[in-house]
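Worksheet: the structure to be examined is printed underneath.
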Amino acid sequence: MIDLDQLTVPEIEELIHLANDIRSNPWAYRESCRGKIMATLFYEPSTRTKMSFQTAMYRLGGEVIGFDNPGNSSVSKGESLKDTITVIGGYADLIVIRNPWEGAAAAASLYSGVPIINAGDGGHLHPTQTLTDLVTLYNEKGRLDHLCIGLCGDLMYGRTVHSLIKTMTRFEGNSFVLISTPELALPQYVKDIMDAAGCKYREVSSLEEAIPSLDVLYMTRIQQERFPSRESYESQKGVFVLDNKKLLAAKKDLKILHPLPRVDEIEVSVDDDPRATYFRQTVYGVYARMALILTILRGANIGVPKKAKTSTHPYHCTNPRCITQTEHYLPNLFTEAGGMITCVYCDGRTLI
Ligand code: NCD
């Protein structure tokens, strides 16, 4: 499970329904993964994603191994991703991986004998957060289509934003308002996906201007750790702050989501507004991940990569944040179209 585009829309809907069934009847599922082991390999900090995965597995009756500080594992001795994954695949039934390099989960999947779940690969994708967001929207808005979705903050490095937009373009009638500074605008490849799906979107630099039209407002943290320099981060921080005054112009049934952690982009006073959905969203995340773990460990044939026409090339990916920059043994895998190659790991594009 590297990217939700590996699943059909009915498969995604099935996961949402399973998550809701688990939510209504948790006791019916408490032995479902008895005897199974999930490994959580977190090369990057995490609170919710890691702990909601762990909670999910324990609530299904399974067990968890792993590390959340690669400094305490053989990674600190220079072990490659390939070797770590090959070994852990012999211990666990399922591997959940978060890594700062874009495309790391796809790379891991080349060497794993067990299913891999991408829990965030650098600034690229975060499919299980999207599954969480979908379960949240389905329950709180009652639908996943015909929504006007505003996404605000770090649209450049925000992996949750990329995964969410990619998935929401697949449901009918959704439109997007991209609220960011030009420096943190959405990557072109995600815009191209919206265009290809025929989704309407507009780019604005004012949260006030965007708010009245929105059904959903997805706030994000400025991703400090992904900026090339301290100065470039300092120039972007604190630009967008949601407060009660701005919410006066919002719809009564707006839903405010945030993958969390929050820094300063939503004032604490907003937490008491009934439209603030972000803490309930963290609970939906446990059920979403229970549904995913259960479905994968039942052996359902989901998540088969659908990247057609993949070929190796003499070229190298030019994205400095791509996993191929650090794990040099990885085959160069690209798809090719219109004089451009796209890296299969990170979606980075290079002109040829
Ligand atoms: C997000 C992440 O790690 O990408 N958090 C999460 O998984 N819930 C968002 C963030 O770190 O800002």
Side-chain angles (χ1 to χ4, degrees), residues 3 42-50 68-71 75 81 97-107 118-130 133 150-166 176-193 203-207 210 217-242 257-267 278 316-327 342-343 345-350:
D3 185 347
F42 277 68
Y43 295 74
E44 256 195 347
S46 171
T47 301
R48 270 150 297 276
T49 304
K50 186 188 73 210
D68 53 13
N69 176 3
V75 174
L81 182 67
I97 181 171
R98 168 172 287 192
N99 190 285
W101 292 91
E102 298 181 9
N118 181 7
D121 59 330
H124 184 218
L125 296 172
H126 194 346
T128 69
Q129 180 62 47
T130 296
D133 302 338
L151 300 109
C152 177
D154 191 342
L155 310 189
M156 160 95 81
Y157 298 116
R159 55 193 174 195
T160 61
V161 168
H162 307 159
S163 283
L164 181 62
I165 293 178
K166 282 182 72 175
F176 303 90
V177 184
L178 309 173
I179 310 150
S180 78
T181 60
E183 289 81 0
L184 294 181
L186 194 70
Q188 187 59 42
Y189 86 91
V190 188
K191 289 183 190 167
D192 290 348
I193 291 169
E203 296 184 273
V204 301
S205 55
S206 153
L207 184 51
L217 173 57
Y218 199 89
M219 294 296 295
T220 61
R221 170 181 75 91
I222 307 296
Q223 307 275 301
Q224 178 175 2
E225 67 278 23
R226 311 215 189 277
F227 279 74
S229 67
R230 175 102 212 145
E231 298 74 56
S232 51
Y233 166 68
E234 292 289 336
S235 73
Q236 297 296 316
K237 74 170 198 201
V239 175
F240 297 105
V241 179
L242 181 65
L257 272 61
H258 191 312
L260 302 179
R262 155 173 62 186
V263 181
D264 54 7
E265 58 281 354
I266 301 181
E267 277 197 357
Y278 32 91
H316 293 280
C317 181
T318 51
N319 173 5
R321 300 178 300 276
C322 177
I323 186 71
T324 55
Q325 308 290 352
T326 172
E327 307 280 333
T342 300
C343 177
Y345 303 100
C346 73
D347 283 308
R349 290 170 171 182
T350 308

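Note that the numbering runs from 1 along the sequence shown for the chain.
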Taking every non-hydrogen atom, the tightest pair across [X] and [Y]:
| X | Y | value |
| --- | --- | --- |
| L207 | V241 | CD2-O, 4.1 Å |
| Y43 | P100 | CB-CD, 3.8 Å |
| C322 | C343 | SG-SG, 3.8 Å |
| E327 | L81 | OE1-N, 3.0 Å |
| L242 | M219 | CB-CE, 4.1 Å |
| G150 | I179 | CA-CD1, 4.3 Å |

Nearest-0.5 Å distance that lies between atom [atom1] in [X] and atom [atom2] in [Y]:
| X | Y | atom1 | atom2 | answer |
| --- | --- | --- | --- | --- |
| L257 | D133 | CG | CG | 6.0 Å |
| F42 | I97 | CZ | CD1 | 9.5 Å |
| K191 | E203 | NZ | CD | 3.5 Å |
| T324 | E102 | OG1 | CD | 10.5 Å |
| L217 | I266 | CG | CD1 | 7.5 Å |
| S232 | Q224 | OG | CD | 10.0 Å |

Evaluate the side-chain contact (heavy atoms from CB on, under 4.5 Å) criterion for residues D347 and T342: first the C-alpha distance (whole Å), next the side-chain angles of each, then the deciding distance (0.1 Å), finally the verdict. CA-CA 6 Å; D347 283 308; T342 300; 4.1 Å; yes
For the pair E265 and R262, find out whether any cationic side-chain nitrogen is under 4.0 Å from an anionic carboxylate oxygen. no
With a 4.0 Å cut-off, would you call E44 and R226 a salt bridge? yes
Check the pair Q129, T49 against side-chain hydrogen bond (donor to acceptor under 3.5 Å, both in side chains), reporting the backbone distance first and the verdict last. CA-CA 8 Å; Q129 180 62 47; T49 304; 4.8 Å; no
Students often mix this up, so state it plainly: with edges at 30° and 60°, are the rings of Y189 and H124 parallel, tilted or perpendicular? tilted
Residue pair [X] / [Y], side-chain heavy-atom distance below 4.5 Å:
| X | Y | value |
| --- | --- | --- |
| P45 | K50 | no |
| C346 | W101 | no |
| Q236 | T181 | yes |
| V239 | E183 | no |
| L164 | T130 | yes |
| P261 | R221 | yes |

Sequence neighbours left out, what passes ring-ring contact (aromatic ring centres under 6.0 Å, His included) with Y278? Give chain and number order. none
Criterion side-chain contact (heavy atoms from CB on, under 4.5 Å) on Y157 and F227, from CA distance to verdict: CA-CA 8 Å; Y157 298 116; F227 279 74; 4.2 Å; yes
Side-chain ([X]) to main-chain ([Y]) donor-acceptor, under 3.5 angstrom:
| X | Y | value |
| --- | --- | --- |
| T220 | C152 | yes |
| S163 | T160 | no |
| D121 | G103 | yes |
| D154 | Q223 | yes |

State which residue, out of V190, V204, L186, V161, fulfils the side chain to side chain contact (heavy atoms under 4.5 Å, CB included) condition with L178. L186
Just by distance, with hydrogens left out, do H126 and R98 show a side-chain donor and acceptor under 3.5 Å apart? yes
List the steps and the verdict of side-chain contact (heavy atoms from CB on, under 4.5 Å) for K166 and L125. CA-CA 10 Å; K166 282 182 72 175; L125 296 172; 4.0 Å; yes
